[in-house]
Amino acid sequence: MIENRKDDHIRIASEQNVEEGNNLFNEVHFIHIALPEIDFDEVNTSITIFNKKLSFPFIIGAMTGGTETAEKINTTLAKCAEEFNIGMYVGSQRIAIVKPETARSFRVVAENAPTALKIANLGAPQVSRLDEKILVDWVSQAIDMINADAIAIHLNPAQEVFQPEGEPWFRGVIDKLRFIKKIANRPLIVKEVGNGISMEVARILASRVNPDAIDVAGIGGTSFIRIESIRAGAIDEANVFSGWGIPTAIAICEVRNVYDGVIIASGGIRSGLDGAKAMAIGANAFSMSRPLLLAALKGFDETKKFIGKLLREFKIAMFLTGSRNVNELNNAPVVFGQTIISWLGQRNVSCKHVSASK
């Protein structure tokens, strides 16, 4: 049952070591500004994205939905999103569309975060098989279910091919993305789930779909290859593909090299400093999932404490780079380590400091 799979994901992600790879933010170094010429209280962390002003450029990552446990998690996360005025993805909503009795686990997001930036979520393999009439209905249901301000379509070929019940169906996805962009009447985000988006894929998306945002979701955090392999009892196969994908820091540079829309950084981001580094090398917002899942399982107070810590770390990084606002952070100087320099050199990629607004 799909509900069992959703609870499996929560249990495995929260109880086992499922993080893999290096996102390479350890090779992104800010230049310390000893004379910032601003007071700490003057630092403005706010940003506007998709016509929503956020207190800082953070979006709670896509996680779950469809079960009683997921409903509790989503309620806690939504309350925090509203209190901090940040964004929130929901997990894949396919389960709520095919099993309407589970939709309550998503609707709690709209109920508890009425003014926050909310992002609906459907999977590319599933939408690839729908005819246009049914796809219009799915998109409409997903948006209405949480009163979404934007919709994400996630690309997860590695997860699907390792998942016991996987649906590795990706033929025709580009045409369906173009159709969704036309009919959604909301910004379209195309996102990975932890293996990264390359320059080649970003170029195709930019030229043939023109999404409003790309979430790079590189390696360095939760590995769905490992989660699904644990579920399938195929750890040896997961070990063969350990570290498969593009490190998050490099994925930001690759995507920014060919795409001038909004970039959301995710994949192993574990602090406000990581988020600030992502912003300095080309991202417009950042996201994380597993740390929020672990916090949410402990309750609202623990989740609120974690997000408050994240905000403070982000603001400190801005202050120590002399950045009065996020636009200045986007242009803060950085130094790269040798792994990043070598990768970008071989790929002929420059890491631009481009600030996009939508």
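The shortest distance between side-chain heavy atoms of Asp215 and Ile59 does not fall below 4.5 Å. Looking only at side-chain heavy atoms (C-beta outward), Val216 and Ile264 stay at 4.5 Å or farther from each other. Side chains of Ile119 and Asp149 form no contact here, defined as non-hydrogen atoms less than 4.5 Å apart. With a 4.5 Å cut-off on side-chain heavy atoms, Ile189 and Tyr89 count as touching. A 4.5 Å side-chain heavy-atom check between Leu320 and Ile33 finds every atom pair outside the cut-off.
Closest approach of Ala62 to Val90, counting heavy atoms only: CB-O, 3.4 Å. Taking every heavy atom of both residues into account, Ser46 and Lys53 meet most closely at OG-CE, 3.5 Å. Contact detail for Glu192 and Leu155: the closest heavy-atom pair is CD-O, 3.3 Å. Between Met63 and Leu77 the shortest heavy-atom distance is CE-CD1, 3.5 Å.
Lys52 is linked by a side chain to side chain donor-acceptor pair (under 3.5 Å) to nothing, counting only residues two or more places apart in sequence or in another chain. Applying the side chain to side chain donor-acceptor pair (under 3.5 Å) rule to Asn147 yields no partners; only residues at least two apart in sequence or on another chain are considered. Partners of Phe40 by ring-ring contact (aromatic ring centres under 6.0 Å, His included), not counting sequence neighbours, listed by chain and number: Phe319. With sequence neighbours left out, Lys72 forms a side chain to side chain donor-acceptor pair (under 3.5 Å) with no residue at all.
When ring centroids are compared, Phe314 and Phe58 stay outside the 6.0 Å threshold.
When hydrophobic clusters are built by joining Ile, Leu, Val, Met, Phe, Trp and Tyr residues whose side-chain heavy atoms come closer than 4.5 Å, directly or via intermediates, Val127 is grouped together with Ile146. Two different hydrophobic clusters hold Val193 and Met288 under the rule that ILVMFWY side chains link at heavy-atom gaps under 4.5 Å. Cluster annotation: Ile246 is connected to Ile341 through the hydrophobic network of ILVMFWY side chains, with a link wherever side-chain heavy atoms come within less than 4.5 Å. Hydrophobic clustering of Ile, Leu, Val, Met, Phe, Trp and Tyr side chains at less than 4.5 Å, counting indirect connections, unites Val161 with Val240. Tracing side-chain contacts under 4.5 Å through hydrophobic residues (I, L, V, M, F, W, Y), one reaches Leu188 starting from Leu205; they form part of the same cluster.
Using a 4.0 Å cut-off between charged nitrogen and carboxylate oxygen, Glu254 and Arg203 do not count as a salt-bridge pair. Using a cutoff of 4.0 Å between basic side-chain nitrogens and carboxylate oxygens, Asp212 and Lys181 are scored as salt-bridged. Note on Arg226 versus Glu20: salt bridge recorded, some NZ/NE/NH1/NH2 to OD/OE distance being below 4.0 Å. The residues Lys309 and Glu313 are annotated as salt-bridged, a charged nitrogen and a carboxylate oxygen being separated by less than 4.0 angstrom. Here Arg104 does not pair with Glu68 in a salt bridge; the nearest charged N to carboxylate O distance is not below 4.0 Å. Looking at Asp8 and Arg5, no side-chain N of the basic residue comes within less than 4.0 Å of a carboxylate O on the acidic one, giving no salt bridge. Taking the charged nitrogens against the carboxylate oxygens, Glu82 and Lys79 have no contact shorter than 4.0 Å, which rules out a salt bridge.
Lys118 contributes a side-chain N or O that, together with a main-chain N or O of Ala116, makes up a donor-acceptor pair within less than 3.5 Å. Side-chain N or O atoms of Asn23 include none that pairs as donor or acceptor with a backbone N or O of Pro247 at under 3.5 Å. Between the side chain of Lys176 and the backbone N or O of Leu130, at least one donor-acceptor pair lies under 3.5 Å. Side chain of Arg186 to main chain of Ala148: a donor-acceptor pair is present (N/O by atom type, distance under 3.5 Å, no hydrogens or angles). Asn325 contributes a side-chain N or O that, together with a main-chain N or O of Glu328, makes up a donor-acceptor pair within less than 3.5 Å. Asp274 places a side-chain N or O within 3.5 Å of a backbone atom of Arg270 that can act as its donor or acceptor partner. Judged by distance alone, with hydrogens and angles left aside, the side-chain atoms of Arg256 form a donor-acceptor pair with the main-chain N or O of Gly282 at under 3.5 Å. Judged purely by atom type and a 3.5 angstrom limit, Thr303 uses its side chain to pair as donor or acceptor with the backbone of Ala296.
A distance of 5.5 Å separates OG1 of Thr69 from CD1 of Ile10, quoted to the nearest 0.5 Å. Met145 contributes atom CE, which lies 10.5 Å from atom CD1 of Ile143 (distance to the nearest 0.5 angstrom). The CZ atom of Arg347 sits 6.0 Å away from atom OG of Ser198, with the distance rounded to the nearest 0.5 Å. A distance of 9.0 Å separates CD in Glu15 from CG in Leu297, rounded to the nearest 0.5 Å. Here the CD1 atom belonging to Ile250 is positioned 5.0 Å from the CG atom belonging to Leu24, to the nearest 0.5 angstrom. Taking OG of Ser128 as the reference point, atom CG of Leu135 lies at 10.0 Å (rounded to 0.5 Å).
The 12-atom threshold is not exceeded at CZ of Arg312, counting heavy atoms of other residues, nucleotides or ligands nearer than 6.0 Å. The 12-atom threshold is exceeded at CG of Asp131, counting heavy atoms of other residues, nucleotides or ligands nearer than 6.0 Å. At most 12 heavy atoms of other shown residues, nucleotides or ligands fall within 6.0 angstrom of atom CZ in Arg208. Heavy atoms from other residues, nucleotides or ligands lying under 6.0 Å from CD of Glu101 number more than 12.
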Ile269/Phe286 under side-chain contact (heavy atoms from CB on, under 4.5 Å): CA gap, chis, key distance, verdict | CA-CA 8 Å; Ile269 291 177; Phe286 65 101; 3.8 Å; yes
Asn74 and Thr64: side-chain contact (heavy atoms from CB on, under 4.5 Å), yes or no, with the steps?
-> CA-CA 7 Å; Asn74 281 341; Thr64 192; 3.9 Å; yes
Run the numbers on Lys305 and Glu302 for salt bridge (Lys or Arg N to Asp or Glu O under 4.0 Å), then give the verdict.
-> CA-CA 5 Å; Lys305 179 181 176 182; Glu302 190 69 22; 5.0 Å; no
Would you please test Glu167 and Arg94 for side-chain contact (heavy atoms from CB on, under 4.5 Å) and show each step?
-> CA-CA 13 Å; Glu167 299 171 339; Arg94 185 258 299 258; 3.4 Å; yes
For the pair Met318 and Thr45, evaluate side-chain contact (heavy atoms from CB on, under 4.5 Å) and give the outcome as yes or no after the intermediate values.
-> CA-CA 8 Å; Met318 290 184 63; Thr45 61; 3.8 Å; yes
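Using the six-membered ring where Trp is involved, His9 and Phe224 have ring planes that are perpendicular, over 60° apart on the 30 and 60° scheme.
Between the side chains of Ser350 and Asn257, at least one donor N or O lies within less than 3.5 Å of an accepting N or O. Between the side chains of Gln346 and Ser342, at least one donor-acceptor pair of N or O atoms lies under 3.5 Å. A donor-acceptor contact closer than 3.5 angstrom links the side chains of Thr67 and Asp7.
Relative to the six-membered ring of Phe306, Lys298 misses at least one condition, a distance below 6.0 Å or an angle of at most 45° to the axis.
Among residue pairs with one or both ends in residues 137-180, those qualifying as ring-ring contact (aromatic ring centres under 6.0 Å, His included) are Phe162-Phe241; sequence neighbours excluded. Among pairs with a residue in residues 12-39, none fulfils ring-ring contact (aromatic ring centres under 6.0 Å, His included), at least two apart in sequence or across chains.
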